[in-house]
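Below, all heavy atoms of this structure are taken into account, side chains as well, without hydrogens, waters or symmetry copies.
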Amino acid sequence: MGGVRNLLFEHAFAAQPVRATQLEYNKPIVAPAGLDTFAGIGNPPSIQGVSADRPEEAWKAAFEATFPPAKESAQGTDLSAVDSEQFAEEAIDELRQQKRAEVDKLRREARLEERLNQ
């Protein structure tokens, strides 16, 4: 517990950096940047169909197998997709339409200016 206390003290009061590591799974894990190693962590679990030469690649494959990357849409998230009926309020809806019109106008102007500058 002293390692965690020292780490918090370091961040709260800008004290000397903590140089002790605590990697035991049944205690608070303290691994200051640069002081942990793959050898200290252990071998990665074997993933079927993955042959990695370096430990970094093996750990990356194990991480991605455990936590698959989230699929992001090409357009990003559109906040207008929220069910408007569920949160209907006339004043807010009117302001939102005005803001949407302003943004669309600015986008059109930016595209026009870009075309003129080419």
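Judged as a side-chain contact (heavy atoms from CB on, under 4.5 Å), and not counting sequence neighbours, the contacts of Gln98 are Glu94, Leu95. Residues satisfying the side-chain contact (heavy atoms from CB on, under 4.5 Å) test with Ala61, not counting sequence neighbours, are Val50.
Members clustered with Phe67: Phe63, by chain and number, using a 4.5 Å side-chain heavy-atom cutoff among hydrophobic residues. Phe13 belongs to a hydrophobic cluster with Phe9, counting contacts under 4.5 Å between side-chain heavy atoms of Ile, Leu, Val, Met, Phe, Trp and Tyr, direct or through other members.
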Name every donor-acceptor pair, under 3.5 Å, that has one atom in a side chain of residues 103-110 and the other anywhere in the protein, sequence neighbours excluded.
none

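Residue pairs meeting the salt bridge (charged side-chain N to carboxylate O under 4.0 Å, His left out) criterion with at least one partner in residues 40-67, sequence neighbours excluded, are Arg54-Glu56, Arg54-Glu57.
Heavy-atom minimum distance, Trp59 versus Pro45: CZ3-CD, 4.1 Å.
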